[in-house]
Amino acid sequence: MVATDVDRQKLAQLRGGHVPFYEPGLEELVRQGLATGRLRFTSEWVRVAQGPAVVFICVGTPPRETGEANLLAVERAAEMLARHATRPMVVVEKSTVPAGTATRIAETLARHNGKVEFAVVSNPEFLREGSAVEDSLHPSRILVGSDSPNALATMRELYAPLREAGSSWVETDVRTAELAKHACNAFLSMKISYANALARVCELAGADVLAVADAMGSDDRIGRSYLDAGLGYGGYCFPKDLEAFRRLAARLGYDFGLLEEVARINDQAVQWTFRKVQEVLWNLEEKRVALLGLAFKPGTDDTRLSPALALAEQLLRAGAVVVGYDPEAGGNAKSDVPDMDVVGDVYAALDGAHCAVICTGWEEFGRLDLPRARRIMAFPIVIDGRNILDREAMARERFTYLPTGRPPVRPWSAS
Ligand code: UGA
């Protein structure tokens, strides 16, 4: 396998066996590939375009200001492939793109190279950050869409080992596969927003959102996953894909208003947590707020569109002193929000804090030494934005404990 990128520094790092971000198990895999010679990184397009019969385009599709996906990198990759290709090739869209992009790719390839026969395939990626290796090697399903029977046959052959290992195989036309990717991410975002709206009602009604989600999830038609209420979804997939999907629908002539509401509820999740900090601390000026977890989810150092950072910015604007800690994402968070103090240890973050907010559900926060935390905090107040702490234990240690969508523990007002 041969891989390329426009970023030469990244290529040099990868050639040296270093992955430029944190992803469990990926570096080992890259090193294995390099050592066995099965994986090579190159800056020469000729090697990419003239060697393999199947080429995956995996470039980024960031949002434009309008919310639509910016597909410039996809076009450039297709153009470079076409310029250098000398024999028939299956070009696979791995990047998340709006339905209709494959047609554009096919046009681009043909415009820049009328001699070679290209077939375009959509093969959306469903891996999650933090479990990318496992998700790639053992995907629950593989979705492949193309209008070319020969290209579909090539893809079947390519994926034979994973299919034989039990991954289900779904074949469609190219537009359907493209659209299914957006539909999946938008639907999962919708489930999370449903759980978050439910959490608001549970707090007002004195009910427990975790128990409600469990009751809902035990119905196979609903399923328990993606019903965890909290600070909301972030990262570089759900927020941008939801918006890109809504824009695509609007461009095609359908107002998918449901998706707008999903995004609104997600923004509200951060706002709701901010208001809890305000309510419990009264004036925020000079109060020290510890944010535990800065990545958009556990298992990654990715802070892009992290709800934790949105909360940090609001707290800073309100005059609070914000101290953040994350096992992996501290460096990224500090460059995103320079006014936040970032420390390298959870107890350093809690030291002298008037309130702690759990923003990312890293396992280590579930194992906090509660008596120690209580001793070093200025006020023993914890807002659990991911519902990972044990309510009874928090009550025993006489913390003021405000989970999300669950009954709070307030030792002061109870006594
Ligand atoms: C997501 C999809 O799950 C993948 O299938 C898809 O391939 C990927 O986007 C992509 O399009 O590239 P990812 O963004 O890595 O994967 O992360 P998820 O584990 O899905 O979590 C997304 C966000 O939802 C996180 O901020 C997480 O904390 C939040 N979340 C998740 C909740 O707030 N509640 C839940 O119950 C589940």
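Whatever order the structure lists ligands and atoms in, that order sets their numbers, starting from 1.
- With T303 as the partner, the side-chain hydrogen bond (donor to acceptor under 3.5 Å, both in side chains) test is satisfied by one option alone out of T360, D336, N332: D336.
- Protein neighbours of ligand 1 below 4.0 Å, counting non-hydrogen atoms: E125, F126, L127, R128, E129, K181, N185, I192, Y226, L227, D228, G232, Y233, G234, C237, F238, D241, F296, K297, R386.
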Less than 3.5 Å apart, which donor and acceptor atoms pair up between the side chains of residues 308-316 and the rest of the protein, not counting sequence neighbours?
| from | atom 1 | to | atom 2 | distance (Å) |
| --- | --- | --- | --- | --- |
| Q314 | NE2 | Q271 | OE1 | 2.9 |

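- Counting only residues at least two apart or in different chains, side-chain hydrogen bond (donor to acceptor under 3.5 Å, both in side chains) contacts with residues 226-235 comprise R224-D228.
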- [ ] Report the C-alpha distance between R175 and D173 in whole Å, list the side-chain angles of each, state the deciding distance to 0.1 Å, and finish with yes or no for salt bridge (charged side-chain N to carboxylate O under 4.0 Å, His left out).
- [x] CA-CA 6 Å; R175 277 175 185 253; D173 63 87; over 6 Å; no
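- Among the candidates F238, F245, F187, the single residue satisfying the ring-ring contact (aromatic ring centres under 6.0 Å, His included) test with H182 is F245.
- For F379, the ring-ring contact (aromatic ring centres under 6.0 Å, His included) partners are H354, not counting sequence neighbours.
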